[in-house]
Amino acid sequence: PDMYVNPLFPATVKEHYTLGLGYQITPKSDFNAAVTFAPSTSVASGSGVNISHGQTNLQLMFTQRF
């Protein structure tokens, strides 16, 4: 419940969207990318502190197998 949200750890994300793709360059190497978007949400804690949080993450990965 929102009244127990800790202002020092605002884990308030309620929904998120993800997209990922990959491309095999050779049989032993590939490139992958992923993005995650969590729209900003706001809550009021039990102590009356208003907290808002949102984030966007981007990952780029290259893999080389030996």
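All values derive from a computational prediction rather than experimental measurement.
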So which heavy atom on N32 is nearest to which on Y23, and how close?
OD1-N, 4.5 Å
Would you say V43 ends up clustered with V49 if hydrophobic residues are merged whenever their side chains have heavy atoms under 4.5 Å apart, either directly or through other cluster members?
yes
Least distance between heavy atoms, E15 atom then P39 atom
O-CD, 3.5 Å
Grab the two heavy atoms, one from R65 and one from S29, that are nearest each other, plus how far apart they are.
NH2-N, 3.8 Å
Taking every heavy atom of Q24 against every heavy atom of D30, the minimum-distance pair comes out as CA-CB, 3.7 Å
Those residues that, when tested against A33, pass side-chain contact (heavy atoms from CB on, under 4.5 Å) (two or more places apart)
F31, L60
The complete set of side-chain hydrogen bond (donor to acceptor under 3.5 Å, both in side chains) pairs with one or both residues in residues 33-43, sequence neighbours excluded, reads T12-T41
Looking at OG1 of T18 and CG of N57, how far apart are the two atoms once the value is rounded to the nearest 0.5 Å?
11.0 Å
Check step by step if side chain to side chain contact (heavy atoms under 4.5 Å, CB included) holds for T56 and H16.
CA-CA 9 Å; T56 302; H16 65 276; over 6 Å; no
At what distance, to the nearest 0.5 angstrom, does OG1 of T26 lie from CD of Q64?
6.0 Å
Scanning both residues in full, the closest heavy-atom pair of N50 with A44 reads OD1-CB, 3.4 Å
Under 6.0 Å from the CZ atom of F62, do we count more than 12 heavy atoms belonging to anything else shown?
yes
